[in-house]
Asker: 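Below is the structure I would like to discuss, written out as structure tokens.
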Amino acid sequence: MRPISRRNALLLGGLGAAGTAAGAAGLWWSLASPANTIGGGGPARPPALRSPAELRSAGGRLQLTLEAGRGQLELGGRQARPLCYNGSLPGPTIRLRGGDELAIRLVNRLDEPTNLHLHGLHVSPQANADNIFVTVKPGESFDYSYRLPADHPPGMYWYHPHHHGTVAGQIFAGLFGAIIVEDPEPIAVSAERVLLVSDTTLDGAGNIAGVSQMERLAGREGELLLLNGQSTPLLSARPGERERWRIVNTCVARYLRLRLDGQQLLLLGMDSGRFPAPQAAAELLLAPGNRADLLVTAAAGDSVLRILAYDRGGMPGMMGPGRASRAEGTVLASFRVAGEAADPPAAVAARPAPEDLRTAAVAARRQLTLATGAGAGGMGGGMGAMMRFTINGQEYSESRTDSTAAAGTVEEWTLVNTSPMDHPFHLHVWPMQLIEDNGRPVDSVVMRDVVNVPANGRVTVRIAFRDFSGRSVYHCHILDHEDLGMMGVIEVV
Ligand code: C2O
Ligand code: CU
Ligand code: CU
């Protein structure tokens, strides 16, 4: 058995990770810090955090229109022309409850095809529900319709385009928004914050910059880090207040290793997985696509939400090791806690113990090998032909079904990464329970819909294929890799 690496400890949610480095000079954010670019400390006068508009279901139903089109707004202090849902970045937040019906008209005002995916939601992948095989052409619209199971896990989810070949580019350009499935019994907090982290790069004219083939192979990371579309916004609270922070990593390829020193963090859960009781966390690691549901109990003073370096590996000779360290110490937001102390918050009620698939009967075992390697074009075929991104030796084909599972059964999948870079593995519709992480058994129930498979490592998960049948996909959530072919089709029958 290999000892648990720091990387994997972090991926389990930072539980029990090294204590706080309180007292370090970097703890307190100075208002005099320099620019808001990668590695910078933030602008001199931070703007207050904005929240995306919210659309809430009523009487078991929500109907809305999402119009994907070119927007005009300020990003990082410059006029920019990103892609937006309904003219904003992020798009509106959708608030639902278990059992709800959701109807979304997607209108495509882009100059290329798009479609819509509800990331992490346990809903049907068929027909006009969460069907990523749908194509909505420019100028056309499509009416999606979904129904959540009455017992849908509460938590943070998100939506984004999923048209194969253009996914990374459209999300990088600004097409994403949050979905919240409300708790049946609300948790008492003074504020609930929806925090979507994204990165992008603007060209000289304020358009979203194109990327090189090299950047696609590595997975593009933007120069501009945004929280709800803002550079280093300010969050304020009073001492003793307890806030709920729902954080989504919408970045195409960037891993977010987050710290908020000087504050007490309790993790309610990640993705759709909720712990029976909140867990103390010193830092968090969110792979692309992951979410964290966090309680922050405010302590007086000025703190910063920082992104620390994370080494996700790389292709030898294709990118410098400096890449991973670029974001070291980048400030995502500042948190100012001042004023009169608030009354202590009510205790968080314990949740029933989640189902544990470790004791389930396993109907089938499969191995999925994520690999990168030389393509048929060989060295002479240019960079694109040179590198292939495959699962079990094959690139994605919409018409081929790669895995067939029986509805109602539990399967065990071993995800093997033979490449020198991490791949965050994502399965639609059916959540995964982590069983073994690089040789180390996972000793509690940890549910994820994005599981990091470390470079040259392996992870074992179990999946209950219940409630829904139909065709859907699994893929690397470094979305450039997905667009390059690291995706497979599963059919549940
Ligand atoms: Cu977040 Cu298949 O996607
Ligand atoms: Cu998804
Ligand atoms: Cu990948």
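Whatever order the structure lists them in is the order used to number ligands and atoms, beginning at 1.
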Asker: So, 2.8 Å as the limit: is an N/O/S atom of His477 located closer than that to the Cu ion (ligand 2)?
Answerer: no

Asker: Just say parallel, tilted or perpendicular for the rings of His160 and His119, cut-offs at 30° and 60°.
Answerer: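 It falls in the tilted class, 30° to 60°.
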
Asker: Quick one: name the protein N/O/S atoms under 2.8 Å from atom 1 (Cu) of ligand 1, chain by chain.
Answerer: His119 ND1, His160 NE2, His477 NE2

Asker: Dump the intermediate steps for side chain to side chain donor-acceptor pair (under 3.5 Å) on Thr114 and Asn108, then the final yes or no.
Answerer: CA-CA 7 Å; Thr114 190; Asn108 183 358; 5.7 Å; no

Asker: Quick check: does His162 have an N/O/S atom under 2.8 Å of the Cu ion (ligand 2)?
Answerer: no

Asker: ring-ring contact (aromatic ring centres under 6.0 Å, His included) between Phe468 and His122: does it pass, once the steps are laid out?
Answerer: CA-CA 8 Å; Phe468 304 105; His122 185 54; 4.9 Å; yes

Asker: Name the one of Leu227, Leu305, Leu226, Leu195 that satisfies side chain to side chain contact (heavy atoms under 4.5 Å, CB included) with Pro233?
Answerer: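 It is Leu227; the other options fail the test.
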
Asker: Just to confirm my numbers, could you give the angle made at atom 2 (Cu) of ligand 1 by NE2 of His475 and NE2 of His428, rounded to 10°?
Answerer: 110°

Asker: What is the ring orientation for Trp413 with Phe425, classed by angle as parallel under 30°, tilted 30 to 60°, or perpendicular over 60°?
Answerer: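 Trp413 vs Phe425 ring planes: perpendicular.
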
Asker: Is Arg105 atom CZ crowded by more than 12 heavy atoms from other residues, nucleotides or ligands, each under 6.0 Å away?
Answerer: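 Not more than 12 within 6.0 Å, no.
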
Asker: Are the side chains of Leu235 and Trp245 in touch, meaning some heavy atoms are under 4.5 Å apart?
Answerer: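 The answer is yes; the side chains approach within 4.5 Å.
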
